[in-house]
Colleague: 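What follows is a structure written as structure tokens; I'll ask about it next.
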2 protein chains.
Amino acid sequence: MLSHKAKYALKALLFLAQQDENHISRTIEIAEAASIPKKFLEQILLDLKRGYFVGSKQGKFGGYYLLKSKNEITLADIHRLFDGAIALLPCASLNFYEPCSDCTSESECLLRHGLMTIRDETLKAMQGITIASLVKK
Amino acid sequence: MLSHKAKYALKALLFLAQQDENHISRTIEIAEAASIPKKFLEQILLDLKRGYFVGSKQGKFGGYYLLKSKNEITLADIHRLFDGAIALLPCASLNFYEPCSDCTSESECLLRHGLMTIRDETLKAMQGITIASLVKK
DNA sequence: ACTAATTCTATAAAATTAGTAGAGTTTAAG
DNA sequence: CTTAAACTCTACTAATTTTATAGAATTAGT
């Protein structure tokens with residue numbers, strides 16, 4: 001399941017994606033349009049900025065705008081940024097790999113192989129969902 | 001990501017699946033073989049019992065054994081039993097459906113449709129992983 | 001200078017997860 | 001019928017994570 005943070009991030013990105021090119025949206029606008037607590041959204045937008053998904057303009061008449069193209073922002077990206085690994089266990093993860101503390105031999109682990117299969121399929125599916133594809137539907 | 005509970009459940013089921021037919025395994029055996037805290041495993045085995053995945057025999061020389069066939073226990077089943085919905089949001093879930101409190105119109109929700117696509121693909125993949133398939137590899 | 005916005009750090013409340021404790025119940029064997 | 005060995009059940013606790021909130025600092029336009 002997605003955290004609220006990830007869900008709010010997606011909703012914010014969808015909002016930004018629907019604005020005119022070069023339009024800058026204030027946090028409060030996004031928050032109200034997408035029903036997201038404003039102070040919480042501030043943090044989320046900063047995270048998105050640090051991930052180079054959005055850009056910002058400070059000061060009066062400042063706000064946020066999409067930095068990457070709608071086609072380049074995938075569900076997998078947002079999941080990883082806010083909720084971490086896509087794999088079901090860290091030992092089966094590409095980006096968040098960690099060995100299991102209770103695992104005697106990773107190569108002989110019966111679970112890991114199956115979880116890597118799931119990871120590959122889920123990842124592929126998640127990379128197929130972009131902000132652009134969501135807006136179009 | 002899977003919770004420890006779900007991971008331990010899978011490891012316990014894998015252990016049971018590797019025993020001889022009609023063999024009964026004590027909790028302590030499973031716990032030691034799979035490096036699972038015994039008291040925690042007790043709860044997990046009870047959950048698996050209530051889900052009719054395993055059966056138990058009480059009293060001296062009691063223990064647990066697989067109730068369902070190895071082919072009939074899927075990763076999707078165990079995920080749902082211990083970690084709930086496979087969908088990324090409750091509004092996109094088949095078995096754990098709940099409307100979003102911050103959603104004005106579900107039918108117009110841009111997110112939901114994409115998340116249902118992911119759910120279908122993930123579910124299909126997870127239903128393809130069975131205890132039997134994990135043991136075989 | 002003033003205003004309106006982002007940025008940053010700290011804090012807090014709530015929920016979830018992971019694990020422990022201990023009493024109770026059931027069964028087999030002597 | 002007593003004892004031992006196992007599952008069963010309920011309650012509790014500690015740690016972590018999640019979901020925010022508060023408020024000061026910074027930036028930029030007029």
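Worth saying up front: this structure is predicted, and the values here are computed from it rather than measured. We name chains A, B, ... by the order of the sequence lines, and we start the count at 1 in each one.
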Colleague: With a 4.0 Å cut-off, would you call Glu121(B) and Lys124(B) a salt bridge?
Modeller: no
Colleague: At 4.0 Å (heavy atoms only), tell me whether Gly62(B) reaches a base, stays on the sugar-phosphate, or touches nothing.
Modeller: sugar-phosphate
Colleague: Describe the nucleic acid contact of Phe40(A) in one word from base, sugar-phosphate, nothing, applying a heavy-atom distance below 4.0 Å.
Modeller: base
Colleague: Rounded to whole angstroms, how far apart are CD1 on Ile44(B) and P on dT8(D)?
Modeller: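 One finds 14 Å between P of dT8(D) and CD1 of Ile44(B), rounded.
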Colleague: Round to a whole Å and report the spacing from OH of Tyr64(B) to C1' of dA6(D).
Modeller: 9 Å
Colleague: One thing to verify: whether Asp77(B) and Lys68(B) come together as a salt bridge, which I'm taking to mean a side-chain N less than 4.0 angstrom from a carboxylate O.
Modeller: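 Answer for the salt bridge query: no.
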Colleague: Whole Å only: how far is the CD atom of Glu42(A) from the P atom of dT19(D)?
Modeller: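 After rounding, the reported distance stands at 17 Å.
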Colleague: Which nucleotide, in any strand shown, forms a Watson-Crick or G-U wobble pair with dT27(D), with both distances under 3.5 Å?
Modeller: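 Check on dT27(D): paired to dA4(C), both distances under 3.5 Å.
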Colleague: Nearest whole angstrom, please: distance from the P of dG29(D) to the CZ of Arg26(A).
Modeller: 16 Å
Colleague: Tell me the interatomic distance from Asp47(A), atom CG, to dC8(C), atom P, rounded to whole angstroms.
Modeller: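 Roughly 11 Å, once rounded to whole Å.
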Colleague: Whether the side chain of Gln43(A) engages the backbone of Lys39(A) through a donor-acceptor N/O pair (distance < 3.5 Å, no angle test) should be reported.
Modeller: no
Colleague: Would you say Ile118(B) and Met126(A) make side-chain contact, with heavy atoms under 4.5 Å?
Modeller: yes
Colleague: Considering every strand and a 4.0 Å limit on heavy-atom distances, what is the contact class for Tyr8(B): base, sugar-phosphate, or nothing?
Modeller: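 Tyr8(B): backbone/sugar contact only, no base atoms under 4.0 Å.
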Colleague: Answer whether the closest heavy-atom distance between the side chains of Leu10(B) and Leu2(B) falls below 4.5 Å.
Modeller: yes
Colleague: Measure from the side-chain heavy atoms of Thr27(B) and tell me the nearest of dC7(D), dT27(C), dT21(D).
Modeller: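 Side chain of Thr27(B) sits closest to dC7(D).
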Colleague: Would you say the side chain of Lys70(A) lies within less than 4.5 Å of the side chain of Thr130(A), judging by non-hydrogen atoms?
Modeller: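 No, every pair of side-chain atoms sits at 4.5 Å or beyond.
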Colleague: Would you kindly check whether a donor in the side chain of Lys38(B) faces an acceptor in the base of dG19(C), or vice versa, at under 3.5 angstrom?
Modeller: no
Colleague: Of the nucleotides dT30(D), dA18(C), dT7(C), which has the atom closest to the Lys49(A) side chain?
Modeller: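 Among dT30(D), dA18(C), dT7(C), the one nearest the side chain of Lys49(A) is dT7(C).
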Colleague: Would you kindly give the CG-to-P distance between Leu46(B) and dT25(C), to the nearest whole Å?
Modeller: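 Between P of dT25(C) and CG of Leu46(B): 15 Å.
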Colleague: Send over the distance from Lys57(B) NZ to dA5(D) P, rounded to a whole Å.
Modeller: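 It works out to 15 Å between those atoms.
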Colleague: Please tell me which of the listed nucleotides, dT27(C), dA28(D), dA29(C), lies nearest to the side chain of Gln58(A)?
Modeller: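 For Gln58(A), the side-chain atoms sit closest to dA28(D).
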Colleague: Would you kindly compare Lys5(A) and Lys60(A) by the position of their nearest DNA chain D nucleotide and give the one closer to the 5′ end?
Modeller: Lys5(A)
Colleague: I want to verify a distance call: between dG22(C), dT27(C), dT30(D), whose nearest atom is closest to the Lys39(B) side chain?
Modeller: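 Closest of the options to the side chain of Lys39(B): dG22(C).
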Colleague: When you measure from the side-chain N and O atoms of Arg50(B) to the phosphate of dC9(D), is any distance below 4.0 Å, counting only OP1 and OP2?
Modeller: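 For dC9(D), OP1 or OP2 has a side-chain N or O of Arg50(B) closer than 4.0 Å.
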Colleague: Compare side-chain N and O positions of Ser56(B) against OP1 and OP2 of dT8(D) and report whether any pair is under 4.0 Å apart.
Modeller: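 Yes, Ser56(B) has a side-chain N/O under 4.0 Å of OP1/OP2 on dT8(D).
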Colleague: Is any N or O donor-acceptor pair between the side chain of Gln43(A) and the base of dT21(D) shorter than 3.5 Å?
Modeller: yes
Colleague: Between dT19(D) atom P and Leu2(A) atom CG, what is the distance in whole Å?
Modeller: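 Those two atoms, CG and P, are 10 Å apart.
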